[in-house]
Amino acid sequence: MALRTVCASALRAGTDLGVSNTRTFVTTAFLCRWTPPLGPMPNEEFEGKNLDSLEKYRTYNRYFKHALEMNNKPVWWKTYRGHVEKNDPEHGAERVDIGLPPPRSCRSKEIRERKQAMKENKKNVELERATRLRTFKISLDRVQDTWEKTSRPRHVKRLAYHYGVFRDLFPMAYFLPQVTLRIGYSQDSSAQVHYGNRLTPTEAASAPQISFSAEEGSLWTLLLTCPDEHLQDSEAEYVHWLVGNIPDGAVQAGDKLCHYLPPFPARGTGFHRYIYVLFKQEGPIDFQEDIRPSPCHSLEDRTFKTVEFYRKHQDRMTPAGLAFFQCQWDESVTDTFHNTLNMKEPVFEFIRPPVYHPPQVKFPHGQPLRYLDRYRDGKEHTYGIY
């Protein structure tokens with residue numbers, strides 16, 4: 001049908017141009033000549049008229065195994081995977097797990113315990129009555145504790161992939177955050193660091209309180225870095241806090257390699273990620289090369305790359321914990337640039353100047369009724385024709 005349409009269009013064009021139809025048809029036939037494929041076509045061995053003779057898979061596992069073999073088999077035609085891998089050689093490459101080995105758990109034992117708990121709950125008359133009357137209450141602390149012991153590492157790993165944490169800090173690598181980091185910038189739960197929540201630079205102006213479960217005699221390293229903040233190199237980071245050789249989870253007793261610096265996301269650059277990474281050490285580490293001057297107010301000295309830091313000490317430390325929050329500009333960032341970093345504040349957006357009002361006169365002759373609204377105290381906007 002397609003060839004017939006092409007030939008008809010060519011014949012009409014040839015008549016309009018005054019060219020003989022015979023010559024036009026020969027040219028069209030030459031251009032539309034069928035070219036044999038460079039190799040076997042997909043599913044060429046199947047005959048649609050004789051489907052009963054085909055081999056039946058009988059089970060899904062046999063079908064799935066055969067599908068994987070055909071998927072990995074090289075083909076002569078161009079595929080989407082080949083196009084993507086040509087432009088991005090790292091696409092689809094296998095990532096390396098650099099974290100702690102996952103805890104061993106007996107799946108059958110967990111299933112037995114769950115079934116036993118379900119049987120006991122079914123025999124509980126008070127529980128059945130509370131559930132039926134919709135008066136049953138669940139302790140959120142117990143739910144939180146159960147989640148942290150079971151699904152939390154997998155969920156945090158998925159969130160880290162979603163926010164590009166592994167991509168920017170550990171290219172072609174990942175780890176399972178098995179240690180829970182509890183980070184709070186205030187005494188209450190209003191300024192806690194979770195996994196991508198938003199905080200303001202004012203809330204994160206001072207070093208937080210950090211706690212995590214640690215074995216007796218263990219050593220740890222805590223890192224706070226930002227991969228979105230560097231003003232000159234998009235591939236580099238600024239280290240905001242670095243503490244090494246932390247004994248038994250006491251951050252205050254560790255070696256302060258770089259003192260805490262509050263977040264300073266530049267105005268007009270949106271939200272920045274501030275990432276806490278906890279490393280578990282196999283023993284004491286000499287961080288003499290990683291010590292920054294105290295106090296360190298030079299952005300050049302704070303230029304940092306997490307992957308290079310990890311490669312330097314990868315034989316003695318392993319990433320074990322992860323937490324991060326997002327932050328954007330507020331008024332405290334201006335104070336950080338001027339007073340702490342001693343530099344001009346970079347601005348990447350247009351700052352609209354305030355509306356100019358001439359000096360107020362005592363007797364405003366010929367002015368509108370809302371003339372006094374221009375000179376009210378406060379920041380509320382006023383509307384009207386001036």
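For the numbers below, each heavy atom of this structure counts, side chains included, while hydrogens, waters and symmetry mates do not.
- At least one donor-acceptor pair closer than 3.5 Å links the side chain of T131 to the backbone N or O of L127.
- Looking at K73 and E69, no side-chain N of the basic residue comes within less than 4.0 Å of a carboxylate O on the acidic one, giving no salt bridge.
- No donor-acceptor pair closer than 3.5 Å links the side chain of N245 to the backbone N or O of P284.
- Note on I291: it does not cluster hydrophobically with I246, by side-chain heavy-atom contacts below 4.5 Å among ILVMFWY residues.
- By the 4.5 Å heavy-atom criterion applied to side chains, V143 and I138 are counted as neighbours.
- The cluster map of Ile, Leu, Val, Met, Phe, Trp and Tyr, joined by side-chain heavy atoms under 4.5 Å apart, puts V347 and L341 in different clusters.
- Side-chain contact between Q178 and K280: absent, with no pair of heavy atoms (C-beta onward) separated by less than 4.5 Å.
- Ion pairing between E229 and R302 fails under the 4.0 Å rule for side-chain N and carboxylate O.
- Side-chain contact between V165 and L322: present, with at least one pair of heavy atoms (C-beta onward) separated by less than 4.5 Å.
- Note that CG of D145 and NZ of K149 are 4.0 Å apart. Values are rounded to the nearest 0.5 Å.
- C226 and H272 make their closest contact through SG-CB, 3.9 Å (heavy atoms, listed as atom of the first residue, atom of the second, distance).
- Side-chain N/O atoms of S186 and E203 include no donor and acceptor closer than 3.5 Å.
- When the shell of 6.0 Å around CZ of R95 is examined, it contains more than 12 heavy atoms from other residues, nucleotides or ligands.
- Remark: the backbone N or O of D290 is paired with a side-chain donor or acceptor of R292 at under 3.5 angstrom.
- Taking CG from L372 and CD from Q367, the interatomic distance works out to 10.0 Å, rounded to the nearest 0.5 Å.
- Scanning both residues, D248 and G217, for their nearest heavy atoms gives OD1-N, 2.6 Å.
- Listed for the T340 side chain is no donor-acceptor partner under 3.5 Å among the backbone atoms of F337.
- Remark: Y375 OH is packed, more than 12 non-hydrogen atoms of other residues, nucleotides or ligands lying under 6.0 Å away.
- Between F324 and Y163, the ring-plane angle classifies as perpendicular under the 30° and 60° cut-offs.
- Ring planes of Y63 and Y60: tilted class, angle from 30 to 60°.
- Both the sub-6.0 Å distance and the 45° axial angle are not jointly satisfied by R273 relative to the ring of F325.
- Contact detail for S190 and L199: the closest heavy-atom pair is O-CD2, 4.4 Å.
- Shown here is Q360, whose CD atom has more than 12 heavy atoms of other residues, nucleotides or ligands within 6.0 Å.
- One hydrophobic cluster holds both Y310 and L257 under the rule that ILVMFWY side chains link at heavy-atom gaps under 4.5 Å.
- Scanning all heavy atoms of the two residues, the minimum distance from A204 to P263 falls at O-CD, 3.3 Å.
- Ring geometry, F287 versus F309: the interplanar angle falls under 30°, so the pair is classed parallel (tilted spans 30 to 60°).
- Side chain of N72 to backbone of L68: a donor-acceptor contact under 3.5 angstrom is found.
- Under the 4.5 Å side-chain criterion, counting only non-hydrogen atoms from C-beta, Y276 is in contact with P208.
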Between Y238 and L299, does a side chain to side chain contact (heavy atoms under 4.5 Å, CB included) hold up when you go through it step by step? CA-CA 7 Å; Y238 284 138; L299 294 183; 3.8 Å; yes
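- For R152 (side chain) and P177 (main-chain N/O), a donor-acceptor pair under 3.5 Å exists by modelled atom type.
- Judged by distance alone, with hydrogens and angles left aside, the side-chain atoms of E237 form a donor-acceptor pair with the main-chain N or O of T306 at under 3.5 Å.
- Follow the hydrophobic side-chain contacts under 4.5 Å out from I275 and you reach V239 in the same cluster.
- H83 NE2: 12 or fewer foreign heavy atoms inside a 6.0 Å radius.
- Y185 and Y260 have tilted rings, their planes meeting at an angle from 30° to 60° on a 0 to 90° scale.
- Partners of D335 under the side-chain hydrogen bond (donor to acceptor under 3.5 Å, both in side chains) rule, at least two apart in sequence or in another chain, are N339.
- Taking 4.0 Å as the cut-off between side-chain N and carboxylate O, E349 and R267 count as a salt-bridged pair.
- Residue I98 is grouped with residue L223 when hydrophobic side chains (ILVMFWY) are merged at heavy-atom distances under 4.5 angstrom, including chains of intermediate members.
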Please step through side chain to side chain contact (heavy atoms under 4.5 Å, CB included) for the pair R182 and T180, ending with a clear verdict. CA-CA 6 Å; R182 293 177 175 84; T180 303; 4.1 Å; yes
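- In plain terms, the two heavy atoms of Y274 and P265 that are nearest each other are OH-CD, 3.3 Å.
- Put simply, NE2 on H162 and CZ on R167 are 10.5 Å apart, with the number rounded to the nearest 0.5 Å.
- S218 and W220 are linked by a side-chain donor-acceptor pair at a separation below 3.5 angstrom, with hydrogens and angles left out of the test.
- The side-chain heavy atoms of D168 and E235, taken from C-beta on, include no pair separated by under 4.5 Å.
- Around the CZ atom of R132, the shell of radius 6.0 Å holds more than 12 heavy atoms that belong to other residues, nucleotides or ligands.
- Atom CG of L369 sits in a sparse spot, with 12 or fewer heavy atoms from other residues, nucleotides or ligands closer than 6.0 Å.
- With a 4.5 Å cut-off on side-chain heavy atoms, L169 and V307 do not count as touching.
- More than 12 heavy atoms of other residues, nucleotides or ligands sit less than 6.0 Å from atom CZ of F271.
- Within the model, atoms CD of E282 and CG of D315 stand 8.0 Å from one another, a figure rounded to the nearest 0.5 Å.
- At a threshold of 4.0 Å, the pair K123-E120 does not count as salt-bridged, since none of the basic side-chain nitrogens sits closer than that to a carboxylate oxygen.
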Check step by step if side chain to side chain donor-acceptor pair (under 3.5 Å) holds for D330 and S332. CA-CA 6 Å; D330 68 358; S332 66; 2.7 Å; yes
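- With N71 contributing its side chain and A67 its backbone, the two residues share no donor-acceptor pair below 3.5 Å.
- Within a 6.0 Å sphere centred on NZ of K65, heavy atoms belonging to other residues, nucleotides or ligands number 12 at most.
- Ring geometry, H240 versus F264: the interplanar angle falls from 30° to 60°, so the pair is classed tilted.
- Salt bridge annotation for K115-E110: absent, with no cationic side-chain nitrogen under 4.0 angstrom from a carboxylate oxygen.
- Here OG1 of T221 is found 4.0 Å from CE of M317. Values are rounded to the nearest 0.5 Å.
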Check step by step if side chain to side chain donor-acceptor pair (under 3.5 Å) holds for Q326 and N197. CA-CA 6 Å; Q326 300 182 82; N197 59 311; over 6 Å; no
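- Within the 4.5 Å cutoff, side-chain heavy atoms of T303 are placed close to those of H230.
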Apply ring pair (Phe, Tyr, Trp, His ring centres under 6.0 Å) to F166 and Y161, showing your working. CA-CA 6 Å; F166 297 141; Y161 269 118; 5.2 Å; yes
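- In terms of heavy atoms, L100 sits closest to A320 at CD1-CB, 3.6 Å.
- A 4.5 Å side-chain heavy-atom check between L278 and P319 finds every atom pair outside the cut-off.
- Atoms NZ and CZ, on K157 and F175 in that order, are 11.0 Å from each other to the nearest 0.5 Å.
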